[in-house]
Amino acid sequence: MKPRKLRANIYWVGAVDWDRRLFDELIPLPDGTSYNAYLVRGSEKTALIDTVDPSLANTLINNLNQLDVKNIDFVIANHAEQDHSGTLPKILKRYPNAKVIATPKCRSLLTDLLLIPENKITPVEDRETLSLGDKTIEFIHAPWVHWPETMLTYLREDKILFPCDLFGSHLATSDLYVTDEATVYEAAKRYYAEIMMPFRTVIEKNLEKVKDLHIDLIAPSHGPVYAKPEFILEAYDDWVYAPPRNVVVLAYVSMHGSTKELVRHFVGALVERGVTVKQFNLAKTDIGKLAIALVDAATIVIGSPTVLVGPHPNVVNAVYLANALKPKLKFASIIGSYGWGSRMVERITDMLSNLKVELLEPVVAKGFPKEEDLGALDRLADQILEKHKEHALMG
Ligand code: FEO
C-alpha cells in the first residue's frame, strides 16, 4: 500500500501484513496485522514515528521514497519490540543523520536487542517536548504498556496521539480509519486481552494521563486509525475498569467423553439458572477467543480428563495463559474425570496463583459421570449463581 495522508504533512507510511497468522509464535492472528509508522514533516525538521517489522522493511523504505524523503532528523522509538523497532538499523543506514528518540530504558533495550550504538539514541524524559518547527511533539512515558520502556507520542498542534501498541488491533485492512466498528472492536479486544490485560492496573494510570489530552486522532501502531477516539477510549474504560459480568468461561478437553458429559450437563445447569456460558474445547479453540472471553468473565471453570496423573497438556497451556493474563475473574472451579488415580485438581490449582479467585468445590468423576456427579454439578451451578448475585453481577 502507498503512503496515506492523515493531515497536512503527516503520513501513514507503514506496512500491512495480510498473511501473518502467528505473533511471537504464540498469538493467533486470524485477520493478519499491520505495523504502522508515521512520517511528520515540520517546517524545520522531519520525524519518523516508529518503524515496521523487519520482514516488511522494504515497504517502509518504498513509502519513504514515494514521499521523496531525503532526510530524517528524528526516529521516534515508542517501543523497543522488534515489530516496531526492527527496521531501525536499515533506516539509520539510509538516513545516517537521524537521531533515535526514546525513553532511557528504551535506549538500553535498543542497544541490547538491535545493537544500535548508544550514541545514536537521545533519551527523553516524561513530558519532554521536541520542536519540528511548526509542530511540537510531546513524549509521555507509559511504562508497561506492555514492556517497561514504552512511551506515547503526542503531536500537539494536530492533536494526534501515537500510542504504539496501546489501543492497537491486529487487523490487516485497506481502511486507513476505522470503518467497520464491530470488526475493529473484536480485534482491539483480542489485542487488549492478549497483550495489555496482564498490565491492567498500570494501564489504569496511563489512561489517566491520556484523559488530560485533547485528542482528535489516535494513530496506533497496529490496525486502523481512530478518527473517533472515544470509540476506543470508552472500550478501554469498560475492559479496564468495569466489574466482571455474569459469565462463566468453561475451558475443557475431553478424550473419551466423560469430561464432555460433565460439560454438557453443567452448561445446561448454568444456562437454566440465568448464567451466560462461553464454552471452549481446548483441543480446537483459538486461544485468542478464550482470552477475549476472559476480559469480562466473573468465573472460570476448567474441565480436564486425567493424563499421566495430571491435567491434559492443552489444559495446562490454557491455565498457564489464563493465570498469566490476570483477568478480573473472581471465582474458579475444576471439573473432570479420571480412571484409576488423579492429582489433576491439585496441579491445576497450583497454576492459578496469579488469580485472586475463590476456588469453588471441584467435581471429579471416576469414569463416566453418574447421578451423584451430575448432582454435584447442579450444586456447583447453584453456588456460582449465588456468588454472582452476592457480587451484583447479574446485570
Ligand atoms: Fe507491537 Fe509490543 O509490539
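These numbers come from the heavy atoms of this one structure, side chains and all, not from hydrogens, waters or symmetry mates. In listed order, ligands and their atoms are each counted from 1.
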- Closest heavy-atom contact between Leu217 and Ala227? CD2-CA, 3.6 Å
- Over all heavy atoms of both residues, which pair between Ala283 and Asn314 is shortest? Give the atoms and the distance, please.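 So the minimum-distance heavy-atom pair works out to CA-ND2, 3.5 Å.
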- Query: Just by distance, do the side chain of Thr306 and the backbone of Val309 share a donor-acceptor pair under 3.5 Å?
  - Reply: no
- Query: Is it the case that one hydrophobic cluster holds both Val124 and Val40, taking links as side-chain heavy atoms less than 4.5 Å apart, direct or via other members?
  - Reply: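 Linked within one cluster.
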- Task: State the count of protein N/O/S atoms located less than 2.8 Å away from atom 1 (Fe) of ligand 1.
- Result: 4
- Query: In Å, rounded to the nearest 0.5 Å, how long is the span from OG1 of Thr51 to OH of Tyr35?
  - Reply: 11.5 Å
- Query: How many angstroms lie between atom CD of Glu81 and atom CG of Asp165, to the nearest 0.5 angstrom?
  - Reply: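 Here the rounded value is 6.5 Å.
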